Protein chains: 2
Amino acid sequence: MADQIREEESHGITVEAPAVLRSEPSRPATRAEEIAAALEDEIVQGELAPGQRLDEQVLGKRFRVSRTPVREALRLLGASGLVTLEPRLGAIVARPTVSEIFDLFELVGEMEAVAARLACERMGDADRERIMATHDACRVAGRSGDAEAYIERNDAFHAAIHIASENRALRDQIQLLNKRLAPYRRFITFRPERKQAAEQEHEVLARALLKGDADAAARAMKEHVKMLAEDAFVLARSLRL
Amino acid sequence: MADQIREEESHGITVEAPAVLRSEPSRPATRAEEIAAALEDEIVQGELAPGQRLDEQVLGKRFRVSRTPVREALRLLGASGLVTLEPRLGAIVARPTVSEIFDLFELVGEMEAVAARLACERMGDADRERIMATHDACRVAGRSGDAEAYIERNDAFHAAIHIASENRALRDQIQLLNKRLAPYRRFITFRPERKQAAEQEHEVLARALLKGDADAAARAMKEHVKMLAEDAFVLARSLRL
DNA sequence: AAGCAATTTCGTGTATACACGCCGCGTGCA
DNA sequence: TGCACGCGGCGTGTATACACGAAATTGCTT
């Protein structure tokens, strides 16, 4: 499963996809953290499906390390809710129940709404710029067919709001929740109808934000996430998931 | 420390303060989890002060285990934000900056407000009973001098609201945040003035909840946490912390 | 042939051993 | 006397080895 083809790269430039949302000044980092980051990426990107078994020895071979750092990586991911660890049974990619997914969507909606309200009250010029810029980028990417690019810009738009909220803890929590929901959001975000609807919702949201209407922004955000969640559930049902 | 006085209650409803927040049906649990739980308790109870160094070998000897389970326990606590892990330097009990503490208080306030709103909309008879009972218990404990008991009942009151909100993810998040803030809440909660103020705030909150006024409940809750945070900061400043 | 049970196998939980980076102390030099 | 460089101790990071429990497989019984 794509074990060897990892180092070499066609350009000579190692791709290193995300890089955008790196928080710390990238301290040395231990093997365990590297592995955790790699696995997290694969889970979020949907390469590792929920329910997938994560065997310590197999992963150890794959990353060319012993079981020890692998274990630590799995514990790390377990604590953030991305994988489920059952004592004596091992680790699997987290597979929340429908009810749990519902709760997570509701929670992230509420927290995004809080972020939107705070952003309204606190944003400076730089924040306003960033929100407008990312919103525009979102719109552009929406018209082109590139779903991956759209997802990235959509995240950037939301991130701009989180930053403007001036509360790091809030931002971290939302991003963590989004990671946990990523496998389920992906399904729906790829659909063209959803992108169009999202665009409109973003429009309302951006307008409220720039106008400084905190209540309207919070309401728009909650509605936005609610729509996403509902579509996700409808789609999931139609796919018998 | 107030371990025995737990069953008795003025109504006939056993309050059963902690125990409520036990998530799993208490599976076997591994040594690492036990150690993590023990350390967590000591941190939350204030026995281990923020900044305190956590030496793996020392802890290993203390719990009569090798470094391996200790390491896993520390990783666990690190992921939940209770300890800070610096690669190659080791672990210390988390010592957030003032700004971070501020963010955490704000976040927990917003989330408690969300919980209060949802509780208003969703609570059934059992929830209503529990909220009333824990509120009363809180009042009783407030008049007696026992600060430990008061803290416990205060937690139970809030837990009753979280339960009524019918969103497990929300509840878990709030409880995690409260653990991280515990060392800083303790200072202030012991003060008699705060207890009295809290009682009044609880009164307003409970009234709004029982009346079903979601907006008022949310507002009251946010105010309640805000007051707590402000008092904590004032006290911290006066103590040069 | 199907069901059940004992055994074997495999993977995790824990212990121990080795490697490497960080810190403190001492010595030599300006 | 003060500072810089180097060396040694120490603690974490990683690897390896052993123990225990759970699942799977095989053989027996009905």
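Below, chain A is the first sequence line, B the second, and so on; all start at residue 1. What you see is a predicted model; the values in this text were computed from it and never measured.
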Supply the atom-to-atom distance B:H158 NE2 to B:I131 CD1, rounded to the nearest 0.5 angstrom.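 If we round to the nearest 0.5 Å, B:H158:NE2 and B:I131:CD1 are 11.5 Å apart.
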Mind running a 4.0 Å heavy-atom check of residues 70-84 of chain A against DNA chain D and sending the residues that fall below it, in number order?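 Close to the strand, none.
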Look for any protein N or O under 3.5 Å of an N or O in nucleotides 15-21 of chain D and output each such pair with its distance, or none.
residue, atom, partner, partner atom, Å
D:dA15, OP2, A:S66, N, 2.7
D:dA15, OP2, A:S66, OG, 3.0
D:dA15, N7, A:T68, OG1, 2.9

I need the [atom1]-[atom2] distance between [X] and [N], as an integer number of Å.
{"X": "B:L89", "N": "D:dG11", "atom1": "CG", "atom2": "P", "value": "13 Å"}
{"X": "A:E33", "N": "D:dT14", "atom1": "CD", "atom2": "C1'", "value": "14 Å"}
{"X": "A:K61", "N": "C:dG11", "atom1": "NZ", "atom2": "C1'", "value": "12 Å"}
{"X": "B:Q57", "N": "D:dG9", "atom1": "CD", "atom2": "P", "value": "16 Å"}
{"X": "B:L54", "N": "D:dG11", "atom1": "CG", "atom2": "P", "value": "14 Å"}
{"X": "A:E56", "N": "D:dT14", "atom1": "CD", "atom2": "C1'", "value": "14 Å"}
{"X": "A:R53", "N": "C:dG11", "atom1": "CZ", "atom2": "P", "value": "8 Å"}

Partners meeting side chain to side chain donor-acceptor pair (under 3.5 Å) with B:R194 (sequence neighbours left out):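 For B:R194, the residues satisfying side chain to side chain donor-acceptor pair (under 3.5 Å) (neighbours in sequence not counted) are B:E201, B:D231.
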Report yes if some heavy atom in the side chain of A:F63 is under 4.5 Å from a heavy atom in the side chain of A:P69; otherwise report no.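 Side chain of A:F63 against side chain of A:P69, heavy atoms only: no contact under 4.5 Å found.
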Partner set under side-chain contact (heavy atoms from CB on, under 4.5 Å) for [X], not counting sequence neighbours:
{"X": "B:D55", "value": "B:Q57, B:V58"}
{"X": "A:R71", "value": "A:E56, A:R67, A:R75, B:E72"}
{"X": "A:L89", "value": "A:E86"}

Going by the salt bridge (Lys or Arg N to Asp or Glu O under 4.0 Å) test, which pairs reach into residues 94-106 of chain B, not counting sequence neighbours?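 Only A:R122-B:E106 qualify under salt bridge (Lys or Arg N to Asp or Glu O under 4.0 Å).
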List in chain and number order the residues that pass salt bridge (Lys or Arg N to Asp or Glu O under 4.0 Å) with [X], two or more places apart in sequence or in another chain; answer none if no residue qualifies.
{"X": "B:R53", "answer": "none"}
{"X": "A:R117", "answer": "A:D215"}
{"X": "A:K222", "answer": "A:E110"}
{"X": "A:R191", "answer": "A:E193"}

Reading DNA chain C 5' to 3', how would its secondary structure be written in dot-bracket notation, given Watson-Crick and G-U pairs with both distances under 3.5 Å, brackets [ ] for crossing pairs and | for partners on other strands? ||||||||||||||||||||||||||||||
Between B:T30 and C:dT14, is there a side-chain N or O to OP1/OP2 distance below 4.0 Å?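 The answer is yes; a side-chain N or O of B:T30 sits under 4.0 Å from OP1 or OP2.
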